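Structure, as structure tokens:
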Amino acid sequence: EKNQLVVFVGAGVSKNSNIPTWWELIKRIADKIGYKKCFSCAKRTSMCPIVECIDQYAFTQDDFLRIPEYYWSEDNSENHIEYYTFIQNILKSDNGPNPIDEEIFNLLPHHIITTNYDTLLEDSKNLNARLYSVIAQDKDLLSNANERYIIKMHGDINSPSTIVLKESDYIHYPKDSGYKSYHMVLGIP
């Protein structure tokens, strides 16, 4: 009624363009660092680890944060470029936006909030997409004053240091991210 619709977009929408879900991303990082849950598996046999065994990826919520944290901390490249490049490469899709991305813009929401790092929404060919400014960090709000926003709560693949994925990212989230901007845009004290 007040033209204030806010749409929340999660990994399921991007999955339709072959972008991995959070679990799939963590699985790929675990493979990269050689981390498996085989040591604690109740089904473990002398044949383990079996390549096709899904139980090797039975990660806990803590694992979801600590696996990328470990990879980041072990990355000795300058400014952790290896870590960020690995994530960027995993999250690339040549498929482009999918019908759900396009339909979101047909709804013409006041704001779109997403935890996705990809650029599928902003790459939409829907003419309504041009009405939105992307906010991935506080400074974006100052340089992109607008009535409609795509708010990227967990960062943007084009600015890898804004990505909220590892444990320390979540710990420092309110201080280091666009947390203040999102509250300001949405009118939250």
Side-chain angles (χ1 to χ4, degrees), residues 9-38 49 51-52 54 56-98 100-101 112-125 129 132-144 149-179 181-182:
V9 177
V13 173
S14 293
K15 178 71 177 158
N16 291 304
S17 293
N18 289 329
I19 300 288
T21 63
W22 187 28
W23 179 81
E24 292 166 337
L25 175 60
I26 299 304
K27 178 180 171 287
R28 297 273 300 273
I29 295 171
D31 286 343
K32 174 82 173 161
I33 64 173
Y35 180 74
K36 310 277 186 239
K37 294 294 280 193
C38 300
V51 176
E52 299 84 27
I54 196 71
Q56 64 186 320
Y57 302 112
F59 302 134
T60 65
Q61 288 296 332
D62 287 342
D63 291 332
F64 274 89
L65 301 177
R66 291 181 179 153
I67 289 169
E69 186 73 40
Y70 178 81
Y71 180 35
W72 186 86
S73 69
E74 293 296 305
D75 174 15
N76 294 320
S77 64
E78 187 174 335
N79 297 319
H80 300 278
I81 193 71
E82 179 186 317
Y83 170 83
Y84 292 122
T85 300
F86 184 76
I87 292 170
Q88 285 176 309
N89 288 336
I90 291 172
L91 297 176
K92 282 184 184 172
S93 173
D94 295 331
N95 296 333
N98 62 71
I100 297 173
D101 294 310
I112 301 167
I113 300 175
T114 183
T115 53
N116 299 343
Y117 316 115
D118 61 67
T119 61
L120 294 173
L121 286 167
E122 47 269 47
D123 293 343
S124 171
K125 302 295 185 231
Y132 294 81
S133 293
V134 175
I135 305 298
Q137 51 193 328
D138 285 340
K139 69 178 184 175
D140 295 340
L141 189 58
L142 297 173
S143 62
N144 295 312
Y149 296 104
I150 298 171
I151 302 171
K152 300 184 97 170
M153 293 289 295
H154 287 173
D156 188 326
I157 196 67
N158 291 324
S159 299
S161 65
T162 65
I163 291 175
V164 177
L165 177 62
K166 58 192 187 323
E167 187 173 38
S168 60
D169 296 332
Y170 282 94
I171 290 169
H172 299 109
Y173 179 72
K175 183 179 77 164
D176 296 340
S177 69
Y179 181 82
S181 293
Y182 311 139

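The model shown is predicted, which means the values in this text are computed figures rather than measured ones.
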Task: Distance flag, aromatic centroids of Phe64 and Trp22, threshold under 6.0 Å - done: yes
Task: Side chain to side chain, Lys32 and Glu82, heavy atoms closer than 4.5 Å - done: yes
Open item on the list: I'd like to check Lys152 versus Ile163 (side-chain heavy atoms, cut-off strictly below 4.5 Å). Are they in contact?
Closed with: no
Task: Pairwise distance NZ(Lys166) to CH2(Trp72) - rounded to 0.5 angstrom - done: 5.0 Å
Task: pair Pro160-Gln88: side-chain heavy atoms closer than 4.5 Å - done: yes
TODO: State, with a plain yes or no, whether a side-chain heavy atom of Asp156 is found less than 4.5 Å away from one of Asn158.
DONE: yes
Task: Side-chain donor/acceptor of Ser159 to backbone N/O of Ser161, under 3.5 Å - done: no
Open item on the list: Measuring centre to centre across the rings, with the benzene-like ring taken for any Trp, is His154 within less than 6.0 Å of Tyr170?
Closed with: yes
Task: Side chain proximity check, Val9 to Ile113, heavy atoms < 4.5 angstrom - done: no
Task: Interatomic spacing from OG in Ser17 to CG in Leu91 - rounded to 0.5 Å - done: 12.5 Å
Open item on the list: Rounded to the nearest 0.5 Å, what separates atom CG in Asp94 from atom NZ in Lys92?
Closed with: 8.5 Å
TODO: Would you name the heavy atoms of Leu121 and Asp101 that are closest together and state the gap between them?
DONE: CD2-OD1, 3.7 Å
Open item on the list: Test your reading of the model: is there a side-chain donor-acceptor pair from Glu69 to the backbone of Ser168, 3.5 Å cut-off?
Closed with: yes
Open item on the list: A side-chain contact here means heavy atoms from C-beta on lying under 4.5 Å apart; do Tyr149 and Val134 qualify?
Closed with: no
Task: Residue pair Asp63, Arg66: steps toward the salt bridge (charged side-chain N to carboxylate O under 4.0 Å, His left out) verdict - done: CA-CA 5 Å; Asp63 291 332; Arg66 291 181 179 153; over 6 Å; no
TODO: Could you tell me whether the side chains of Asp118 and Ser14 share a donor-acceptor contact shorter than 3.5 Å?
DONE: yes
Task: Pairwise side-chain contact, Ile90 with Pro20, heavy-atom cut-off 4.5 Å (strictly under) - done: yes
Open item on the list: I'd like to know if the side chain of Asp62 pairs up with that of Thr60 as donor and acceptor (distance under 3.5 Å, no hydrogens or angles considered).
Closed with: no
- [ ] Give a yes-or-no answer on whether the side chains of Tyr57 and Asp31 include a donor-acceptor pair shorter than 3.5 Å.
- [x] yes
Task: Distance (rounded to the nearest 0.5 Å) between Leu25 CG and Ile87 CD1 - done: 6.0 Å
Open item on the list: Keeping Asp75 on the side-chain end and Tyr83 on the backbone end, is there a donor-acceptor pair under 3.5 Å?
Closed with: yes
TODO: Compute whether any side-chain donor of one residue and acceptor of the other, for Asn18 and Ser93, lie under 3.5 angstrom apart.
DONE: no
TODO: Please lay out, stage by stage, how Trp23 and Phe59 fare under the test side chain to side chain contact (heavy atoms under 4.5 Å, CB included).
DONE: CA-CA 9 Å; Trp23 179 81; Phe59 302 134; 4.2 Å; yes
Open item on the list: Within this structure, what is the OG1-CG distance for the pair Thr162 and Asp140, rounded to the nearest 0.5 Å?
Closed with: 8.5 Å
Open item on the list: With a 6.0 Å cut-off (strictly less than), is the heavy-atom count around OH of Tyr84, excluding the residue itself, greater than 12?
Closed with: yes
Open item on the list: Whether the side chain of Thr119 engages the backbone of Asp123 through a donor-acceptor N/O pair (distance < 3.5 Å, no angle test) should be reported.
Closed with: no
TODO: Would you please indicate if the ring centroids of Tyr71 and Tyr35 are separated by under 6.0 Å?
DONE: no
Task: Nearest atoms (heavy-atom pairs only) where Val164 meets Tyr117 - done: O-OH, 2.8 Å
- [ ] Calculate, to the nearest 0.5 Å, the distance between atoms CG and CD1 belonging to Leu120 and Ile19 respectively.
- [x] 5.0 Å
